[in-house]
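Comments concern the structure below.
Every heavy atom of this structure was used, including side-chain atoms; hydrogens, water molecules and symmetry mates were not. All of these numbers come straight from a predicted model, not from anything done at the bench.
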Amino acid sequence: MIESDSDRIRAGTGNEPAKLARPGGWMGNNVRVRFAPSPTGYLHIGGVRTALFNWLYARHHNGVFILRIEDTDRERSTEEAIHAIIDGMSWLGLNWDEGPFRQVDRLARYNEESERLLSEGKAYKCYCTPKELEERRKVALERKEVPKYDRRCLTLTPSERQACEARGLRPVTRFHCSDEGVTVINDIVKGEVIFENKNLDDFVMLRADGIPTYNFAVVVDDHDMRISHVIRGDDHLSNTPRQVLLYQALGYSTPEFAHLPMILGPDRTRLSKRHGATAIEAYRDEGYLPRALINYLALLGWGYEDQTLFTKDELIQKFSLEGVGKSPAVFDPAKLEWMNGVYIREFSVEELAELIKHFLRNAGLPLEMYEEAWYRKLAEITQERLTKLSDIVGLSDFFFHRVQYETGAVQKVLKKEGVPEVLEKAVEILSDNALEFYSYEIEKRLRGLVEEMGLKAKLVFQPIRVAITGRTVSPPLFETIELLGRDATLERLGEAIHLLELADG
RNA sequence: GGCGCGUUCGUCUAGUGGCCUAGGACACCGCCCUCUCAAGGCGGAGAUCACGGGUUCGAGUCCCGUACGCGCUACCA
């Protein structure tokens, strides 16, 4: 999907507006949507959900999905974050048709539109310093007044302006909002929302260094990129009237808006770093599957009848903005885990074996100890026990190194009456060369032992399990023995017997 | 403070005026299966649809108010 990150990122470079492909005219539709993250941190769950809804909407309508990096915050934007976004989207299979565009590459274009507004008297230069602004805001707040910019620079005379310039003050450009009337947003998910213009103030559209602020850049970009539907988090709803006013001032037609409800943490505040792993990479590293993440995230804010499991194609086919709910959703890791397990169980053993090896390798285990076929068997016996792929490590690391007894396992299982005898008999059985070392044969013989000793099966199998795995919980015993191999099994049994003798003496 | 949005089982949701004595999924509990853990099967508990008023023959569904939560109110996005 990505030919070369750097090439892609440069796609919008130049002093001219980025070249934008024509809409997919052959289908006769013009749905063009975008995901526009700011690269100020990693790609998080909330962002992915927004990206996903945009992507689904585009794919459902055979439209165009655009990736745009909103990097106008020069302080906090990083190249690293841009790569994290690109990698994350690629990994999830949320492929984009145009971009990634970067706003820093389009500075000349914002400036051009800003000049136009300036010359039409719809915007003005403001020389107030951040410090002064901050001070006035504080005072207003103390007096319980609404902290609004007082427009003192709106009426600056040319000579006053010159005086400011002479003092070395670098102006920002403010958009002049009308106090009259109302701005109505017809939001696809929220419905009609009415804002009184008098509650808006003259916000900064171009900073002193010529870099646009969000509200301005987003409008120019969405227009230039001919975005038909702006689908984004509803934290942007309150900003929408400012943008609509800009659309009108610039003579642009407005797109459709669809504001998605937020994703919340368990404390019901917007999901963030504070809530633990929210970076998409963290989920990838823990062994969550893209299809599980996508399925789960699709259900956060959207639903389709009673269905909970969806393939990507079904999602594309069934998704609609009308099906998006209005209220925020709490992110539930437990349900994601369950769903991930469901998808893990759908893999063939060949597929799962490959995935599993990757995680074992990352854990530093010596993969070369075993052959291909061995890993397929491992996959087979662990498949229904995995909820995340990384679980494979804790479930099977004992195959790769000496037994480390789990705390309590020895006391609870091994140091019980009759255990040495059980283990010794097991050694006897398993060292019999007439025994073909396959789980089925092993099971037959060991069950014979159970019968012979007249014990409950558990009392025979649990000691053996602890002896060879060090744990009270493991994959099925007979398969585990087969996979461990005769030598290692006998060795471990022997060690356990020895351990018990020492304890006795 | 102002403005905006939201409110159905613990969680995600179905529900668009009568089919709702409110359905499904996760989580939880019990039973079955069973060498452990899972997976699977069966069953259970869990929501006076935030609260209060209306409209209507009839409201979770429409209207108004209140409460609570969240968001915006930056030379962040």
By the 4.0 Å heavy-atom rule, please label H259(A) as base, sugar-phosphate, or nothing. nothing
Do N239(A) and A77(B) share a donor-acceptor pair, side chain to base, under 3.5 Å? yes
Taking any heavy-atom pair under 4.0 Å as a contact, classify R447(A): base, sugar-phosphate, or nothing. base
Compare all side-chain heavy atoms of F195(A) with those of T240(A) and state whether any distance is below 4.5 angstrom. no
Y149(A)/F203(A) aromatic ring centres below 6.0 Å: no
Report which part of the nucleic acid P328(A) touches: base, sugar-phosphate, or nothing (heavy-atom distance under 4.0 Å, all strands). sugar-phosphate
Under 4.0 Å, heavy atoms only, any strand: does L477(A) hit a base, just the sugar-phosphate, or nothing? base
When you measure only distances, ignoring hydrogens and angles, does the side chain of R268(A) come within 3.5 Å of the base of C70(B) through a donor and an acceptor? no
In the strands shown, is U11(B) matched to any nucleotide by a Watson-Crick or G-U wobble pair with both distances under 3.5 Å, and which? A25(B)
Complementary nucleotide of C37(B), counting Watson-Crick and G-U pairs under 3.5 Å: none
Pick base, sugar-phosphate or nothing for F478(A), based on heavy-atom distances below 4.0 Å to the nucleic acid. base
Residue whose closest nucleotide on RNA chain B lies nearer the 5' end, W338(A) versus G325(A): G325(A)
Let me know the distance between CG of D332(A) and C1' of C28(B), rounded to the nearest Å. 12 Å
Side chains of R270(A) and I263(A), heavy atoms from C-beta outward: is any pair under 4.5 Å? no
Where the side chain of E384(A) is concerned, which of A27(B), A39(B), C3(B) is the nearest nucleotide? A39(B)
Report the relative orientation of the aromatic rings in W302(A) and F319(A); use parallel for angles under 30°, tilted for 30 to 60°, perpendicular for over 60°. tilted
